[in-house]
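Here is the structure we will look at.
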Amino acid sequence: TQLLEQSPQFLSIQEGENLTVYCNSSSVFSSLQWYRQEPGEGPVLLVTVVTGGEVKKLKRLTFQFGDARKDSSLHITAAQPGDTGLYLCAGLNYGGSQGNLIFGKGTKLSVKP
Amino acid sequence: NAGVTQTPKFQVLKTGQSMTLQCAQDMNHEYMSWYRQDPGMGLRLIHYSVGAGITDQGEVPNGYNVSRSTTEDFPLRLLSAAPSQTSVYFCASSPPGQGGYTFGSGTRLTVV
């Protein structure tokens, strides 16, 4: 069973600070997806990265897919209380079924005003 | 568009009872999946389907059955509920390609 390791598990910061969340594996993925989940709700897709070395920006969020397609990072600039939530990375195994999307355990982010 | 609709939102079962968690999507997505989410364990894949009539097991399939008779519906059946199946269950769907999944709002199940 392939694993996606996310770090850190918990992160508590002040408004305005920057942060980076990491998603690592020993497996190669055809794509990696990042989701954000709020309490009582299902995860919501933020971005999908497909090409090794790819960088995508979504306002203050920057996503990067490693050159070897085994890892990814999420960087948030000038965090705001509205960024609070559980951030999940998920990967599709290279050569495997698109239905077999595997999730990391998540990073719980708290941004204090 | 309603997206992915899960029912019920909450359910309490007694050990040994059976039930079906319903999931429907109105986006004509080919791929559908069931996950369970437990504290500290993240989202774990139970079963998934790549199209009507096709299902496959995920990481934690034991104690659960699925079928996919239509594109829209993907019910999850608990055959004989156990306390270990207490969890929050999420259904999700996706079109072909790398577009990512749309999740329902979940079913919180407690087995006593």
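Chain A is the first sequence line, chain B the second, and so forth, proteins listed ahead of strands; every chain is numbered from 1.
Using a 4.5 Å cut-off between side-chain heavy atoms of Ile, Leu, Val, Met, Phe, Trp and Tyr, with links allowed through other members, B/Val88 and A/Leu88 fall into the same hydrophobic cluster. Both B/Val50 and B/Leu45 are assigned to one and the same hydrophobic cluster, defined by single-linkage of ILVMFWY side chains at heavy-atom distances under 4.5 Å. B/Phe103 and B/Met41 are assigned to two separate hydrophobic clusters, defined by single-linkage of ILVMFWY side chains at heavy-atom distances under 4.5 Å. Linking ILVMFWY side-chain heavy atoms closer than 4.5 Å, directly or via other members, places B/Leu13 and B/Phe90 in two distinct hydrophobic clusters. The cluster map of Ile, Leu, Val, Met, Phe, Trp and Tyr, joined by side-chain heavy atoms under 4.5 Å apart, puts A/Tyr22 and A/Phe29 in different clusters.
Between A/Leu101 and B/Tyr35, some side-chain heavy-atom pair lies under the 4.5 Å cut-off.
Between chain B and the options A/Ser31, A/Gly40, A/Pro43, A/Gly42, heavy-atom pairs under 4.5 Å are most frequent for A/Pro43. Considering only heavy-atom pairs separated by less than 4.5 Å from chain A, the leading option among B/Pro96, B/Ser49, B/Gly58, B/Gly106 is B/Pro96.
In plain terms, the two heavy atoms of B/Ser105 and A/Glu41 that are nearest each other are CB-OE1, 4.2 Å. In terms of heavy atoms, A/Leu45 sits closest to B/Tyr101 at CB-O, 4.1 Å.
Within the 4.5 angstrom heavy-atom criterion, no atom of B/Glu30 approaches chain A. Proximity to chain A (any heavy atom under 4.5 Å) is restricted, for B/Pro95, to the backbone atoms N, CA, C and O. For chain B, the nearby part of A/Leu86 is the side chain; its heavy atoms alone come within less than 4.5 Å. Looking at A/Gln37, only its side chain comes within 4.5 Å of chain B, counting heavy atoms on both sides. Contacts between A/Gln33 and chain B at a heavy-atom distance below 4.5 Å involve the side chain alone, from C-beta outward.
Heavy atoms from other residues, nucleotides or ligands lying under 6.0 Å from NZ of A/Lys56 number more than 12.
In this structure B/Asp38 satisfies the salt bridge (charged side-chain N to carboxylate O under 4.0 Å, His left out) test together with B/Arg36, B/Arg44, sequence neighbours excluded.
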